[in-house]
Structure formats: C-alpha cells, structure tokens
**Student:** 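The following block contains the structure, expressed as structure tokens.
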Amino acid sequence: MTQTIEISDDLKNRLDSHREEGQSCEELIEELVSMYETEGTFLQEGYSE
C-alpha cells in the first residue's frame, strides 16, 4: 500500500539540494529511511562520538 505525505516547500528545497542528478525526492527519502533502519541514526559528515 502506498502512503502519500505532504511536505513543506522548505523541506522539498532541502531535499532537492541533497538529491543526486536524476534522483527523485521519493528515491532520496527511501534511501534515507533505509539508512536509518540499518544504522539506527543518520550519519552526519564530520560527526564523531
């Protein structure tokens, strides 16, 4: 079953700035969710514990 979510224009612009060429917002969101499910957290560049 497909879910539809609404995102703000600001979030859409932020996602657009992180997409690779030819990648849709949906694909980027799927990638982010997959990373979160695998790692348990989002990695941030320059972040260390």
Side-chain angles (χ1 to χ4, degrees):
M1 175 165 62
T2 301
Q3 291 283 342
T4 300
I5 61 170
E6 292 184 26
I7 59 174
S8 68
D9 290 339
D10 180 53
L11 180 54
K12 171 81 166 71
N13 292 335
R14 290 172 58 198
L15 288 170
D16 286 342
S17 71
H18 292 284
R19 289 188 301 129
E20 295 178 4
E21 188 173 329
Q23 184 181 38
S24 69
C25 279
E26 291 84 0
E27 291 169 330
L28 176 58
I29 292 169
E30 286 177 17
E31 184 178 335
L32 292 171
V33 169
S34 178
M35 287 170 51
Y36 184 79
E37 289 174 339
T38 301
E39 303 292 329
T41 186
F42 294 116
L43 297 177
Q44 295 182 9
E45 194 172 313
Y47 174 80
S48 62
E49 291 185 11

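Worth saying up front: this structure is predicted, and the values here are computed from it rather than measured. Quick note: residue numbers are just sequence positions, from 1.
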**Student:** Search all heavy atoms of Glu27 against all heavy atoms of Gly22 and return the closest pair with its distance.
**Tutor:**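 The answer is OE1-O, 3.9 Å.
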
**Student:** Mind listing the closest non-hydrogen atom pair of Leu15 and Leu32 along with its distance?
**Tutor:**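 Minimum heavy-atom separation between Leu15 and Leu32: CD2-CD1, 4.3 Å.
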
**Student:** Ignoring hydrogens, what is the shortest heavy-atom contact between His18 and Gln23? Give both atom names and the distance.
**Tutor:**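 Taking His18 first and Gln23 second, the nearest heavy atoms are O-OE1, 4.5 Å.
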
**Student:** List the residues meeting salt bridge (charged side-chain N to carboxylate O under 4.0 Å, His left out) with Arg19, not counting sequence neighbours, and say none if there are none.
**Tutor:**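 Once residues adjacent in sequence are excluded, the partners of Arg19 under the salt bridge (charged side-chain N to carboxylate O under 4.0 Å, His left out) criterion are Asp16.
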
**Student:** Within a reach of under 6.0 Å around CG of Asn13, are more than 12 heavy atoms found that belong to other residues, nucleotides or ligands?
**Tutor:**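 Atom CG in Asn13 is crowded, with more than 12 foreign heavy atoms closer than 6.0 Å.
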
